[in-house]
Amino acid sequence: MTAHTLISAATELKGDLKFSGELIVEGRVTGDIKAADDSDAVLRVAEQGLIEGEINVPNVIINGTVKGDIYACSHIELAAKACITGDVHYKLIEMVMGARVNGSLLCSAELSAGRKALTYQQEVLGAGEVEASASGHGSSV
């Protein structure tokens with residue numbers, strides 16, 4: 001059974017929050033919100049919802065305001081009233097017309113692929129050769 005939690009419009013929460021299942025924020029949260037990366041946890045920020053802090057949740061749906069960086073290792077959806085001030089790290093993103101992001105959109109799938117490739121090179125070539133080729137590559141870019 002999936003746990004559902006609601007922070008209603010009349011509620012203000014100060015402090016970090018860790019959850020599983022589904023968390024719906026209609027009120028105000030000042031603090032970081034986290035859920036395990038390997039879970040199916042979902043954070044929903046309603047139109048009147050406000051979060052001031054870092055979000056690290058696999059699945060995120062935002063139609064309210066977030067002031068802080070977002071890390072969504074699975075999926076993020078930015079609805080029409082979404083207003084984000086901070087960087088958005090995602091694997092898969094859906095963004096509706098009207099959503100605003102004042103920060104960077106960073107695809108974590110590309111970053112993790114690069115890290116895997118480097119790990120493979122280290123195993124095959126050895127760490128010294130990878131450093132030399134990485135520094136040579138970096139200077140030509």
- Minimum-distance pair of heavy atoms, taken over all atoms of Val60 and Val57: CG2-O, 3.6 Å

- Nearest heavy-atom contact between Val45 and Leu50 is CG1-N, 4.5 Å

- Message: Return the NZ to OG1 distance between Lys67 and Thr30, rounded to the nearest 0.5 Å.
- Response: 9.5 Å

- Message: Is it the case that over 12 heavy atoms from other parts of the model lie below 6.0 angstrom from the CG atom of Asp40?
- Response: no

- Task: Please test Ile84 against Ile62 for side chain to side chain contact (heavy atoms under 4.5 Å, CB included), starting from the C-alpha separation and ending with a verdict.
- Result: CA-CA 9 Å; Ile84 299 167; Ile62 298 176; 4.0 Å; yes

- Could you check Phe19 against Thr5 for side chain to side chain contact (heavy atoms under 4.5 Å, CB included), going step by step and ending with a plain yes or no? CA-CA 9 Å; Phe19 76 100; Thr5 305; 5.6 Å; no

- Note on the structure: Nearest heavy-atom approach of Lys91 to Ser74 is CB-O, 3.6 Å

- Task: Please step through side chain to side chain contact (heavy atoms under 4.5 Å, CB included) for the pair Glu52 and Arg28, ending with a clear verdict.
- Result: CA-CA 8 Å; Glu52 292 181 295; Arg28 180 180 182 145; 2.5 Å; yes

- Message: I need the minimum non-hydrogen distance between Glu26 and Gln48, along with the two atoms involved.
- Response: O-CG, 3.2 Å

- Check whether Ile70 and Ile7 end up in the same hydrophobic cluster, where Ile, Leu, Val, Met, Phe, Trp and Tyr are linked by side-chain heavy atoms less than 4.5 Å apart. yes

- Task: Identify which one of Ile24, Ile51, Ile61, Leu17 satisfies the side-chain contact (heavy atoms from CB on, under 4.5 Å) criterion when paired with Leu43.
- Result: Ile51

- Task: Output the distance between atom CG (Leu13) and atom CD1 (Ile33), rounded to the nearest 0.5 Å.
- Result: 8.0 Å

- Under the side chain to side chain contact (heavy atoms under 4.5 Å, CB included) rule, what do Arg44 and Glu22 come out as? Steps first, then yes or no, please. CA-CA 8 Å; Arg44 296 179 190 270; Glu22 181 179 29; 2.3 Å; yes

- Shared hydrophobic cluster for Val66 and Leu105 (ILVMFWY, side-chain gaps under 4.5 Å): yes

- Report yes or no: does Asp32 contribute a side-chain atom to a donor-acceptor pair with the main-chain N or O of Glu54 at less than 3.5 Å? yes

- Message: Under a 3.5 Å distance rule, please check whether Asp87 uses its side chain to pair with a backbone N or O of Gly103 as donor and acceptor.
- Response: no

- Message: So does Leu106 get a backbone contact from the side chain of Ser104, meaning a donor-acceptor N/O pair under 3.5 Å?
- Response: no

- Can you tell me how far the CG atom of Leu78 sits from the SG atom of Cys83, to the nearest 0.5 Å? 10.5 Å

- Rounded to the nearest 0.5 Å, what's the gap from CE on Met95 to CD1 on Ile76? Could you check? 9.5 Å

- Message: Donor-acceptor pair, distance only, cut-off 3.5 Å: does the side chain of Ser108 make one with the backbone of Tyr90?
- Response: yes

- Asn59 side-chain N/O to Ala41 backbone N/O, donor-acceptor pair under 3.5 Å: yes

- When every non-hydrogen atom of Pro58 is compared with those of Ala36, the smallest separation belongs to CG-O, 3.2 Å

- Val29 vs Thr11 side-chain heavy atoms within contact, under 4.5 Å: no

- Item | Atom pair CD/CG of Glu47 and Asn63 - distance to nearest 0.5 Å | 5.5 Å

